[in-house]
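We use all heavy atoms of the structure for the numbers below, so side chains are in, but hydrogens, waters and symmetry mates are not.
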Amino acid sequence: MPANYSGTWDIVDNENFEGYMVALGIDFATRKIAGMLKPQKIVEQDGDSFNIKTLTSFRNYTTSFKIGEEFEEITKGLDNKKCQTTVNWDNDKLVCVQKGEKKNRGWTHWMEGDTLYLELKCEDQICKQTYKRTA
Ligand code: YOG
């Protein structure tokens, strides 16, 4: 049985989001707005099938995937790039690789009780986010 990430999660910590956004090539004005946001994640999971919504007052972003199946991800409303994306289990961690223009791009999720962790990486930057379950 894989871990179940389903739930509603609110951000409580966001370390080096600025560096991650710079690495993605996000312009200054957009970074200033984005840096103020308090994203909420809504995860719907059925076994190896996922729908992850990242919701904010500025923009929303949704991705759907099945574990181990590469798909074309368009990061619409983020840096607007095309990636060949694959998400795999590493024990109970979710490990995403986003192949595309940017080197070393991807993210990892893991859970400890009612805390959800997310590390986002791009090139030499790592952003560390922490979320608490609210539903
Ligand atoms: O999540 O890949 O949970 O997709 C990363 C924002 C700000 C837009 C959000 C809107 C990167 C302007 C998605 C922020 C910054 C700044 C919320 C993170 C880019 C543009 C939509 C992500 C995964 C894992 C699932």
Side-chain angles (χ1 to χ4, degrees):
M1 279 280 279
N4 187 0
Y5 286 79
S6 295
T8 301
W9 307 88
D10 288 2
I11 200 161
V12 293
D13 196 45
N14 195 358
E15 191 182 308
N16 195 38
F17 189 48
E18 170 71 10
Y20 175 70
M21 288 193 289
V22 170
L24 286 177
I26 307 299
D27 68 80
F28 179 86
T30 305
R31 293 201 312 271
K32 294 307 123 187
I33 296 167
M36 304 286 291
L37 301 172
K38 299 290 176 202
Q40 181 181 62
K41 296 272 182 192
I42 299 184
V43 181
E44 295 168 330
Q45 179 188 350
D46 179 5
D48 279 357
S49 296
F50 286 79
N51 184 273
I52 303 181
K53 295 190 184 83
T54 306
L55 304 179
T56 75
S57 54
F58 179 50
R59 283 179 199 159
N60 301 322
Y61 185 71
T62 301
T63 186
S64 299
F65 56 86
K66 285 192 178 144
I67 296 295
E69 294 188 7
E70 186 174 85
F71 63 101
E72 183 175 279
E73 179 176 18
I74 312 280
T75 59
K76 188 172 155 54
L78 305 181
D79 59 325
N80 297 301
K81 296 283 167 49
K82 193 181 289 188
C83 299
Q84 295 303 313
T85 299
T86 310
V87 185
N88 279 295
W89 293 114
D90 173 8
N91 295 303
D92 280 344
K93 289 191 180 186
L94 279 178
V95 179
C96 172
V97 175
Q98 294 167 308
K99 285 189 285 175
E101 177 188 308
K102 298 290 181 181
K103 301 294 180 212
N104 194 38
R105 182 171 184 171
W107 52 258
T108 300
H109 268 299
W110 70 99
M111 282 184 301
E112 288 171 15
D114 282 340
T115 305
L116 174 71
Y117 295 95
L118 173 61
E119 282 191 6
L120 297 153
K121 62 181 178 156
C122 181
E123 314 239 279
D124 62 346
Q125 297 297 311
I126 301 179
C127 168
K128 298 184 180 197
Q129 299 186 338
T130 307
Y131 294 79
K132 292 288 182 195
R133 185 189 286 282
T134 51

Identify the heavy atoms of [X] and [Y] that sit nearest to each other, and give their distance.
{"X": "Met21", "Y": "Ala34", "result": "SD-CB, 3.5 Å"}
{"X": "Asp79", "Y": "Arg105", "result": "OD2-NH1, 2.8 Å"}
{"X": "Cys127", "Y": "Tyr20", "result": "CB-CB, 3.7 Å"}
{"X": "Lys76", "Y": "Tyr61", "result": "O-CD1, 3.5 Å"}

Evaluate whether atom CG of Asn91 has more than 12 neighbouring non-hydrogen atoms of other residues, nucleotides or ligands under 6.0 angstrom away. no
Flag yes if more than 12 heavy atoms outside Lys103 fall under 6.0 Å of its NZ atom; otherwise flag no. no
Kindly determine whether Glu123 and Asn104 satisfy side chain to side chain contact (heavy atoms under 4.5 Å, CB included), including the steps that lead there. CA-CA 5 Å; Glu123 314 239 279; Asn104 194 38; 5.6 Å; no
When Asp13, Thr115, Asp114 are each screened for side chain to side chain donor-acceptor pair (under 3.5 Å) with Lys132, the one that passes is Thr115
Under 30°, 30 to 60°, or over 60°: which ring-plane class applies to Tyr5 and His109, parallel, tilted or perpendicular?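 If you compare the ring of Tyr5 with that of His109, the planes turn out tilted.
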For the side chain of [X] and the backbone of [Y], is there at least one donor-acceptor N/O pair under 3.5 Å apart?
{"X": "Thr75", "Y": "Asn80", "value": "yes"}
{"X": "Gln125", "Y": "Leu24", "value": "no"}
{"X": "Lys93", "Y": "Thr108", "value": "no"}

Using the test side-chain contact (heavy atoms from CB on, under 4.5 Å), find all partners of [X] that sit at least two apart in sequence or belong to another chain.
{"X": "Val97", "result": "Lys99"}
{"X": "Glu119", "result": "Trp110, Ile126, Lys128"}
{"X": "Gln40", "result": "Thr8, Asp10, Ile42, Leu55, Thr134"}

Verify the distance criterion only: is there a donor paired with an acceptor across the side chains of Ser49 and Asp46 at less than 3.5 Å?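 No pair is found: no donor N or O on one side chain lies under 3.5 Å from an acceptor on the other.
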